[in-house]
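The next block holds one structure in the form of structure tokens; read it before the comments.
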Amino acid sequence: MMSKIKAQSEVDVVLVGAGIMSATLAYLLHQLDPQLNIVMLERADAVASESSDAWNNAGTGHAGYCELNYTPQAANGEIQIQRALEINAAFEQSLEVWAHCVKQGILKTEAFIHATPHISFVWGERNVNFLRQRYQRLQQHHLFADMQYSEDKAELANWMPLVMQQSKHAQCAATRVAYGTDVDFGAISRGLVAYLEQQKNFQLLLQHQVQSLKQLANGHWQIKAKNRNQRRMLMLNSQFVFLGAGGAALSLLQKSAIPEAKGYGGFPVSGLWLASHNPDLIKQHEAKVYGKAAIGAPPMSVPHLDTRYIDGKPALLFGPFAGFTTKFLKQGSLLDLVKSVKSDNLKAILFAGLRNAKLTNYLIKEALKNKAQRMQSLREYFPAAKDADWKIVKAGQRVQIIKQCDHHGGKLEFGTEIVCAQDGSLAALLGASPGASTSVNAMVSIIQRCFPQMQTQQWQKKMRQMMPSYGTSLIDDQAMLKKVRKANLSTLGLDQ
Ligand SMILES: Cc1cc2nc3c(=O)[nH]c(=O)nc-3n(C[C@H](O)[C@H](O)[C@H](O)COP(=O)(O)OP(=O)(O)OC[C@H]3O[C@@H](n4cnc5c(N)ncnc54)[C@H](O)[C@@H]3O)c2cc1C
């Protein structure tokens, strides 16, 4: 552990937030250069208590296997698979680094990852045609070569008994990838930070809320954080800052006043699950079953019925049901949205609001639904579901990005976006999906953009030790994919 931070200290790296993103960046940087002085500032009293906590997200290892929104259909009817390929390749890189951590004894597989087949399930002629065509396109690519497709009800009942029990669909179909995953991103964050805390040159400061940051004449950043416990201020000067504050990253980015922050706004969306701990149900469902988003619904509200492993125990979760909120964090303030409106993003927010009036309407209606209405949605996937087996649990907040566009005012984005200062001294991560699953890829790209040392042979060699495919494209290099996937499945126990 680093010698204790004084009220005013000079360090190499400050990471704001202790979620999966900061934990991953801290781990990678420490492996690349153990001499870097790294401080992680977290406002809460625990690591990963916001979006990265297992109850706050869906725990899907997003690989494009089951999420139909990653393969949109163009106006000419063609299914576009590029985004699914990119997400699949990025997720494989996360698996590489997690497998490396398992081999080093830093993470334990049973604590954070479980093979959970990823299934896309649709009904009705139009949707079945879409799924068949999607399968035909994806399956030709080596990344998706193991995907299965079926319209046979007996086979579907074998893949997902609860879903097919009492199912009245005349025509339905599903695709399945056996080695899809359920991931506890909170457990990964806690595992990485616990390891780092035992190392020299790393310090985690809980209950420290970053309140302001400003760039000094020498290019370093001065960060002021309030110790919420002792009501004292801590001032740090750092060469590099990462804003890994989840939903709150936008507000901090605005405080940094870097020109690259201009024009960004945030659109918060809350979430709810229906959760069941009934062991009889749990043993009859071993999959993540994703459907198609209802017309007018945002992609992140695609319903899914999932086997989850949280704190080592299995559960079934259905949802998330999206809803309207003005908070940027689960523990945030109702004023977050209003406070994020600035003169430079007002136009973008207004345009995005006007263009997405249907979405806002949808979210308000969703937020007003009662349990009986939510159970109705669940019964589309599990017709025999009983009210008594399910309870409502609050999920995390997502802050979707609103972005300025030159000709159209502003638009709402559903992805994850990295914003970097031109001089490489600050980076922030905005947005949600595919989020935690692609955290390694996102953090590696920050290192590439902000740390010139990444060009050295020494750093590249170290990066390849953690991620053997580093420097090649898993989309193009079939032999490399075969090699790393085989190793990942075996090390992470996903091939049984
Ligand atoms: C409902 C839902 C479902 C999701 N499903 C999936 C999924 O299935 N698969 C997937 O890959 N991703 C999913 N995501 C997205 C994923 O959870 C996020 O992308 C990821 O957890 C973000 O990690 P993070 O480290 O950026 O943020 P967080 O985990 O939110 O961490 C940010 C931390 O910063 C702290 N903080 C905030 N402000 C300050 C401050 N001023 N000073 C100090 N600390 C601060 C917070 O307390 C928090 O601990 C989902 C998200 C939601 C909400």
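Start at 1 and go down the list; that is how both ligands and their atoms are numbered. Just the heavy atoms: all of them, side chains too, but no hydrogens, waters or symmetry mates, feed the values below. Because the structure is predicted, anything quoted here is derived from the model rather than measured.
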>> I need the contact type for A248 against ligand 1. Using non-hydrogen atoms and a strict under-4.0 Å cut-off, is it side chain, backbone, both or neither?
In response: side chain
> Side chains of Q215 and S425: do they bring a donor and an acceptor to under 3.5 Å?
Replying inline: yes
> Does Q211 approach ligand 1 within less than 4.0 angstrom via side chain, backbone, both or neither, non-hydrogen atoms only?
Replying inline: neither
>> Heavy-atom contact check, 4.0 Å cutoff: does A48 meet ligand 1?
In response: no
> Can Q331 be said to touch ligand 1, with heavy atoms closer than 4.0 Å?
Replying inline: no
> Is S51 near ligand 1, meaning one of its heavy atoms is under 4.0 Å from it?
Replying inline: yes
> Relative to ligand 1, is H62 under 4.0 angstrom through side chain, backbone, both or neither, heavy atoms considered?
Replying inline: side chain
>> Would the distance check show the side chain of R176 and the main-chain N or O of H118 forming a donor-acceptor pair, the cut-off being under 3.5 Å?
In response: no
>> Does anything in residues 314-341 form a salt bridge (Lys or Arg N to Asp or Glu O under 4.0 Å)? List the pairs, not counting sequence neighbours.
In response: none
>> I need the contact type for T438 against ligand 1. Using non-hydrogen atoms and a strict under-4.0 Å cut-off, is it side chain, backbone, both or neither?
In response: neither
>> Under a plain distance cut-off of 3.5 Å, with no hydrogens placed, do T175 and Y65 share a side-chain donor-acceptor pair?
In response: no
>> Counting only heavy atoms closer than 4.0 Å, does ligand 1 sit against the backbone of L41, its side chain, both, or neither?
In response: backbone
> Going by the salt bridge (Lys or Arg N to Asp or Glu O under 4.0 Å) test, which pairs reach into residues 177-190, not counting sequence neighbours?
Replying inline: D182-K288, D182-R308
> Would you say the side chains of H62 and E67 form a donor-acceptor pair under 3.5 Å?
Replying inline: yes
> Where does V47 meet ligand 1, judged by heavy-atom distances below 4.0 Å: at the side chain, the backbone, both, or neither?
Replying inline: neither
